[in-house]
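In what follows, chains carry the letters A, B, and so on, assigned in the order in which the sequence lines appear, proteins first and then strands, with residues in each chain numbered from 1.
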Amino acid sequence: MGILFEMVDDILVAILSGELDHHNSGAIRESIDRTFDTFQARHLILSFREVTFMDSSGVGLVMGRYNKTAKKQGRLSIVGCSDYIDRIFDMAAVYTIAKRYPDTVAAIRELREERKEESLWNTSIK
Amino acid sequence: MWNQSENEALSRTIAAAFVTPVDPTVEEVTEIKTAVSEAVSNAIIHGYEAGKAGLIILELSLTGSGKFMISVEDFGVGIADVEKAREPLFTTGDTKERSGMGFTVMESFMDKVLVESRPGEGTRVTMIKTLDGTNVI
């Protein structure tokens, strides 16, 4: 299981690849959390496009990361899921705590839109 | 096999290879691999007391008509309340990182899931799936 990171604004994009099971989910979790903290990210996008296998450990991984972003009032997004991964996420109601996008670009676009609205809202309060 | 998490991947490979003779679809193999991964992970995470080595036995069978059966057995702590364990989202693991979805996934991807357990003696999870293979005799 490999992982690549990209930082865009205050959004951490984690691109997972390979097999995601209980055995390697611990290392992946630590890697994401460490990088998230180091770069002081607020939002997290998890890409599953290169994931070749996933069981419910993937659900646990997502749920645990949700706590991380929630603490910073950030959002958790999921992109690139195959039908089969989608099915497992649907079973666990993951999409009630994370939003699904077809790709990273779509997720970033919406997060930027929301940030624009947020700052407009904040300035109008003054 | 021993209860180390490296064996989760090995179990999936064994199951996938085992059903090959009946020419299953990619979907069927994926479903079997996932269910097996859940059962073996459960045995590794929960089967024995923390830090203790223990055996996990896989038993597989395949009939000419495409009926596949696998059982995952450990000789460890057993499940106190099997019905509770099978409830979606219930877990005795770290609730921040474990989803409690193992049995739900098994039941969704396999046709039948049978759990036999005795506290202090061990647990045996048996799953059956009938494959619509093309090489069935």
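- Residues A:Ser56 and B:Ser99 approach most closely at O-OG, 3.4 Å, considering heavy atoms.
- Under the 4.5 Å side-chain heavy-atom criterion for grouping Ile, Leu, Val, Met, Phe, Trp and Tyr, B:Met127 is not connected to B:Leu114 through any hydrophobic cluster.
- Annotation: side chain of B:Glu31 is in contact with side chain of A:Arg87 (closest heavy-atom distance under 4.5 Å).
- Using a 4.5 Å heavy-atom cutoff, the side chains of A:Asp55 and B:Glu8 are not in contact.
- A:Val8 and A:Leu12 fall into different hydrophobic clusters, where Ile, Leu, Val, Met, Phe, Trp and Tyr are joined by side-chain heavy atoms under 4.5 Å apart, directly or via other members.
- Residue A:Tyr66 does not touch chain B at all, counting heavy-atom pairs closer than 4.5 Å.
- Residues A:Ile15 and A:Ile32 do not share a hydrophobic cluster, defined by chaining ILVMFWY side chains whose heavy atoms lie under 4.5 Å apart.
- Note on B:Met69: it does not cluster hydrophobically with B:Phe103, by side-chain heavy-atom contacts below 4.5 Å among ILVMFWY residues.
- From A:His22, atom NE2 reaches atom CD1 of B:Ile44 across 7.5 Å, with rounding to the nearest 0.5 Å.
- With respect to chain A, the highest number of heavy-atom pairs below 4.5 Å among B:Gly93, B:Ser108, B:Ser41 belongs to B:Ser108.
- Within 6.0 Å of atom OH in A:Tyr95, more than 12 heavy atoms from other residues, nucleotides or ligands are found, so the atom counts as buried in its surroundings.
- Side-chain contact between A:Val59 and B:Val105 is absent, with no heavy atoms from C-beta onward closer than 4.5 Å.
- Heavy atoms closer than 4.5 Å to chain B are found in the backbone of A:Leu61, but not in its side chain.
- The minimum heavy-atom distance linking B:Ala9 with A:Asp21 is given by the pair N-OD2, 4.2 Å.
- Counting heavy atoms of neighbouring residues, nucleotides and ligands inside a 6.0 Å radius, atom CD of A:Glu110 exceeds 12 of them.
- Residues B:Val19 and B:Phe109 do not share a hydrophobic cluster, defined by chaining ILVMFWY side chains whose heavy atoms lie under 4.5 Å apart.
- With rounding to the nearest 0.5 Å, the separation of CZ in A:Phe53 from OG1 in B:Thr30 is 8.5 Å.
- Looking at every heavy atom in both residues, B:Met101 comes nearest to A:Met91 through CE-O, 3.5 Å.
- Other residues, nucleotides and ligands place no more than 12 heavy atoms under 6.0 Å from the NZ atom of B:Lys112.
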